[in-house]
There are 2 protein chains.
Amino acid sequence: MELQAAETGERRPETLGEEVFGRILELIYSTELAPGMVVNESVLATRFGVSRGPVREAIRRLQGIQLVSREPFLRARVVSLSAQAILELFQMREALEGYACRLAAQRMGEAEIDALIADLEAAHSGQQPPETTRFDFHERVVRASGNNRIIDSLCGDLYHLLRIYRRISGAVPERKELAFTEHWQILRAIKMRDGALAESLMRSHVERAGRHVLAQVPEPPSPAATDAEKRAS
Amino acid sequence: MELQAAETGERRPETLGEEVFGRILELIYSTELAPGMVVNESVLATRFGVSRGPVREAIRRLQGIQLVSREPFLRARVVSLSAQAILELFQMREALEGYACRLAAQRMGEAEIDALIADLEAAHSGQQPPETTRFDFHERVVRASGNNRIIDSLCGDLYHLLRIYRRISGAVPERKELAFTEHWQILRAIKMRDGALAESLMRSHVERAGRHVLAQVPEPPSPAATDAEKRAS
DNA sequence: GGTTGAAAATGTGTCAACAGTTTTGAAGGA
DNA sequence: TCCTTCAAAACTGTTGACACATTTTCAACC
């Protein structure tokens with residue numbers, strides 16, 4: 001009931017578990033469920049006006065994509081990544097996105113490359129449409145790789161984790177300018193069909209981004225500290 | 001009850017969901033649940049002597065690691081990989097295992113490397129202990145990378161999928177000899193601390209293995225054909 | 001004989017209650 | 001005052017029943 005009123009006008013969430021999964025995800029994004037906080041089944045169930053079953057299912061899915069950590073009878077918590085974990089996350093992104101970039105250099109059509117270049121420059125000129133269809137360079141390149149398994153991994157699991165910490169590093173102008181240059185160089189390598197170069201450039205680019213995020217998030221003193229102890233409601 | 005009698009003498013499965021997860025996994029490995037077959041909640045529940053809840057949870061976990069495919073109200077099925085999907089799987093392995101290999105070349109200690117070389121040669125000489133602690137070169141290298149996220153991905157999700165299709169390619173003597181040579185070359189590159197070479201060699205090695213598997217599994221004519229239609233019991 | 005439609009059968013989604021475990025917090029002793 | 005102990009509270013794990021969707025069956029109809 002409360003669930004229906006949310007926003008079920010456009011698409012059809014099919015099952016309650018799916019819907020709850022999306023809503024908890026939004027709570028995590030909005031930091032109402034910040035890293036380290038406890039995710040309580042009953043509280044969320046009453047909040048969403050559903051039974052504990054669907055909530056339980058959603059939490060298991062979140063556990064599956066490593067957004068919440070949980071052990072048998074202990075309470076589930078939103079993951080709070082240590083500096084080490086963030087480093088490992090970006091290393092994995094380096095490996096996968098670099099390889100995807102190499103594949104893209106082989107498989108993209110000329111027109112496709114030119115369109116991507118045009119979109120990149122348009123977005124940089126500030127002509128990006130408000131917030132709809134916001135230009136995402138990395139996602140575009142990854143999808144151009146054509147490898148669905150890598151696409152799902154990067155645009156699914158890892159993307160959610162990155163998004164939590166992307167909020168922190170946020171909009172830093174000089175970084176934005178540098179990123180544009182690096183993106184442009186990568187596309188140029190792709191257009192030259194130099195897969196090895198494109199992969200190398202993408203790796204360097206991701207590594208720089210990782211160092212940037214790491215610098216902004218020095219150290220969460222203790223993974224689940226006093227402040228994060230408050231309940232989910 | 002029936003569950004207790006299984007083999008709960010050594011470790012403690014903690015929760016029923018965990019236990020059921022493992023048992024379904026075994027059913028899949030033993031091809032009693034072959035690719036394309038239907039995974040029925042109630043049938044498995046009565047078979048294991050538990051309620052549908054834990055079974056449901058286990059199936060969701062299997063769905064999470066992409067071992068079963070499922071849509072809202074349709075029955076769950078064990079995935080049957082198309083040639084395209086197998087190709088993508090090995091490409092992802094190339095990207096991750098190659099990168100892990102590069103990391104290993106940087107981070108392994110001298111003694112660690114020598115020990116791995118010794119184990120490799122011992123295993124090749126047929127001195128491998130019966131089936132316990134069977135030597136797994138790839139897992140050893142991946143774990144030596146020190147990146148837990150990559151380790152979990154390769155030794156968890158992807159490993160299960162590969163294992164289903166490893167059975168098919170099975171033991172081919174000449175391939176085994178070639179693999180030993182390639183493994184040895186990779187370790188030599190690691191010992192020389194040549195991360196780029198080690199990564200390159202590992203990629204070639206994985207790609208060859210992938211082509212080998214693809215050659216053995218030409219095409220499952222239809223992903224879920226007549227024979228695979230039989231029930232889970 | 002083949003096709004269409006409704007009803008039974010099968011199976012998944014959801015719920016509320018019960019059981020077992022962990023955490024909380026207060027009473028009692030050093 | 002601090003630590004230990006133990007019982008109540010809170011929470012997760014599990015269960016059986018019910019609601020809903022899909023598939024199959026089978027009989028009526030063209």
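Proteins get letters first, then strands, A, B, ... in listed order; numbering begins at 1 in each. Bear in mind the structure is a predicted one, so any value in this text is a computation, not a measurement.
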The test is side-chain contact (heavy atoms from CB on, under 4.5 Å); show your working for B:Leu154 and B:Arg93 and say whether it passes. CA-CA 7 Å; B:Leu154 281 173; B:Arg93 218 185 125 194; 3.9 Å; yes

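Residues of residues 52-62 of chain B having a heavy atom closer than 4.0 Å to DNA chain C, listed by number: B:Arg52, B:Arg56, B:Arg60.
Taking atom CG on B:Leu74 and atom P on D:dA21, their separation rounds to 14 Å, with Å as the unit. Whole-Å rounding puts the A:Glu41 CD to D:dT14 C1' distance at 12 Å. Taking atom CZ of B:Arg77 as the reference point, atom C1' of C:dT12 lies 15 Å away to the nearest angstrom. Distance, A:Asn40 CG to D:dA9 P: 18 Å, rounded to whole Å. Rounded to whole Å, the distance from CZ on B:Arg75 to P on C:dG13 is 12 Å. Across the protein-nucleic acid pair, B:Glu18 atom CD and C:dG20 atom P stand 20 Å apart, rounded to whole Å. Computed from coordinates, the B:Phe48 CZ to D:dT14 P distance equals 14 Å when rounded to whole Å. A straight line from CG of B:Leu16 to P of C:dC18 spans 20 Å, rounded to a whole angstrom.
A parallel orientation is assigned to the rings of A:His138 and A:His205, their planes being inclined by less than 30° (bins at 30° and 60°).
A salt bridge does not link B:Glu88 to A:Arg149: none of the charged nitrogens lies less than 4.0 Å from a carboxylate oxygen.
Inter-residue side-chain proximity for A:Phe48 and A:Ile24 is flagged as met; some heavy-atom pair is nearer than 4.5 Å.
Taking only side-chain atoms of A:Ser51, from C-beta outward, the nucleotide of C:dG13, D:dT24, C:dA16 with the closest atom is C:dA16.
Annotation for B:Val38 and B:Arg75: closest pair CG1-CD, 3.6 Å, computed over non-hydrogen atoms.
Contact check, A:Thr15 against C:dT12: no side-chain N or O comes under 4.0 Å of OP1 or OP2.
Of the two residues contacting DNA chain C, namely A:Phe73 and A:Gly17, the nearest-nucleotide position lying further toward the 5' end is that of A:Gly17.
A:Leu67 pairs in a side-chain contact (heavy atoms from CB on, under 4.5 Å) with only one of the listed residues (A:Val39, A:Leu62, A:Leu33), which is A:Leu62.
With sequence neighbours left out, A:Arg61 forms a salt bridge (Lys or Arg N to Asp or Glu O under 4.0 Å) with A:Glu18.
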